[in-house]
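What follows is a single structure, written as structure tokens, with notes after it.
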Amino acid sequence: MIRRPNEIWQASGDEVTPKPLFMNRRKIIASAGAIGLAGLAGCSDASTAAQAQSPVGTHTPDPERQLDYARSDFRLDEALTPYDAVTGYNNFYEFGLGKGDPARYADRMTTEPWSIEVDGLTDRPGTYALADLVDFDALEERIYRLRCVEAWSMVVPWIGVPLSAIIEQLRPSPAARYVAFETYLNRSEMRGVRFPVIDWPYREGLRMDEAMNPLAFLAVGVYGEILPNQNGAPIRLVVPWKYGYKSIKSIVKISFVADQPETSWNLTAPNEYGFYSNVNPQRDHPRWSQRTERVIGGGVFARRDTEMFNGYADQVADMYAGMDLIENH
Ligand code: MTE
């Protein structure tokens, strides 16, 4: 089954199978013990509350979109948010402000082929094809809570690679103190960018130690399958201790920089959206409290207390020792 890459790319036109899909099919056949979506439903977590709740809901697994991945130790032992909510209740303002807009309109976004431009303070600037940046043989699943600044949260089984693995590969210079990300922008495919809600393209950034923290993750899949466009296909950030808006979707550019980069929400309303944006129940949003959050998919009245750093304080609090987290919100 193992063919050399040039054989794959030599096929013409419609016969070309995108590399991740190809690799994926190959691996499903080659590795009988792999955990795909079938494994998730059938054998990996059969006894948990998550399974009892049938998190996949009405979704029929698509064999063409399955990913092969390993379980990791980064997994909340909590009920998963149902598939239909994870992929149907989204924020992706490039496609509109309504929570259903991304699921409705994001399929217009072209995600194949996909390349990522890398620039700034790095030994390896250039334009990388997705499969040259992400090792699809080393995908892992991480179950993280995503806490949105709008005071709701979800528990999501993401598939991807640690952000640190990509950064190490790109060899930033010691002068790079921050990493900045930019989202794809295409006016004919993204109906939401007609509205100047923010200064497009969507931009985000992390301090280098945050980016290298083992929790910071680049997702290419969710629920065992390739990411649906509305969740930020083909590659998006997941920074579980920060409000969801730091988790930038559909990344096309990574820049290593010396100074704190501008970020879309911080530029739009600095008082409401900080650069750090660590989940903090003590620091209210100027227009609403952050003390509790609505549990998406948990029923109309399901709420929980918001935890400092979204519950990940043990892994991340040290990075902010001595910082005033109300001022640096
Ligand atoms: N990335 C882009 N490019 N555009 C966006 O509007 N919204 C952010 C973040 N990433 C957003 C984005 C916000 S506010 C949240 S809460 C999460 O994506 C939502 O991710 P999800 O839709 O996969 O749950």
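Bear in mind the structure is a predicted one, so any value in this text is a computation, not a measurement. Both counts, for ligands and for their atoms, begin at 1 and track the order of listing.
If you look at Y89 and W152, their ring centroids are closer than 6.0 Å. For W114 and Y184, the ring centers are positioned less than 6.0 Å apart.
Within ligand 1, counting atoms from 1 as listed, the ones closer than 4.0 Å to a heavy atom of Y93 are 5 (C), 6 (O). Annotation for ligand 1: atoms under 4.0 Å from non-hydrogen atoms of C148 are 16 (S). Listed by number with element, the atoms of ligand 1 under 4.0 Å from a non-hydrogen atom of T183 are 3 (N).
Side-chain contact check for I235 versus L133: every heavy-atom pair is 4.5 Å or farther apart.
With a heavy-atom cut-off of 4.0 Å, N91 touches ligand 1 through backbone and side chain alike. Only the side chain of E94 comes within contact range of ligand 1, with a heavy atom under 4.0 Å; no backbone atom does.
The protein atom (non-hydrogen) at minimum distance from atom 5 (C) of ligand 1 is Y202 CE1, 3.2 Å. For atom 20 (O) of ligand 1, the closest non-hydrogen atom on the protein side is R236 NH2, 3.1 Å. Nearest to atom 17 (C) of ligand 1 among the protein's heavy atoms is G244 O, 3.6 Å. The protein atom (non-hydrogen) at minimum distance from atom 21 (P) of ligand 1 is K249 NZ, 3.4 Å. For atom 10 (N) of ligand 1, the closest non-hydrogen atom of the protein is S247 O, 2.9 Å.
Under the 6.0 Å distance and 45° angle rule, R142 counts as a cation-pi partner of F74.
With no hydrogens or angles considered, a side-chain donor-acceptor pair links T58 and D84 at under 3.5 Å. Side-chain contact check for D101 and Q230: no donor-acceptor pair (N or O, by modelled atom type) lies under 3.5 Å. Counted by atom type alone, Y245 and S277 present one or more donor-acceptor pairs between their side chains at under 3.5 Å.
When only interatomic distances are considered, the shortest N/O to N/O separation between Q230 and ligand 1 does not fall below 3.5 Å. Considering backbone and side-chain atoms together, W158 places no N or O closer than 3.5 Å to any N or O of ligand 1.
Smallest separation of non-hydrogen atoms from V279 and K242: CG2-C, 3.6 Å.
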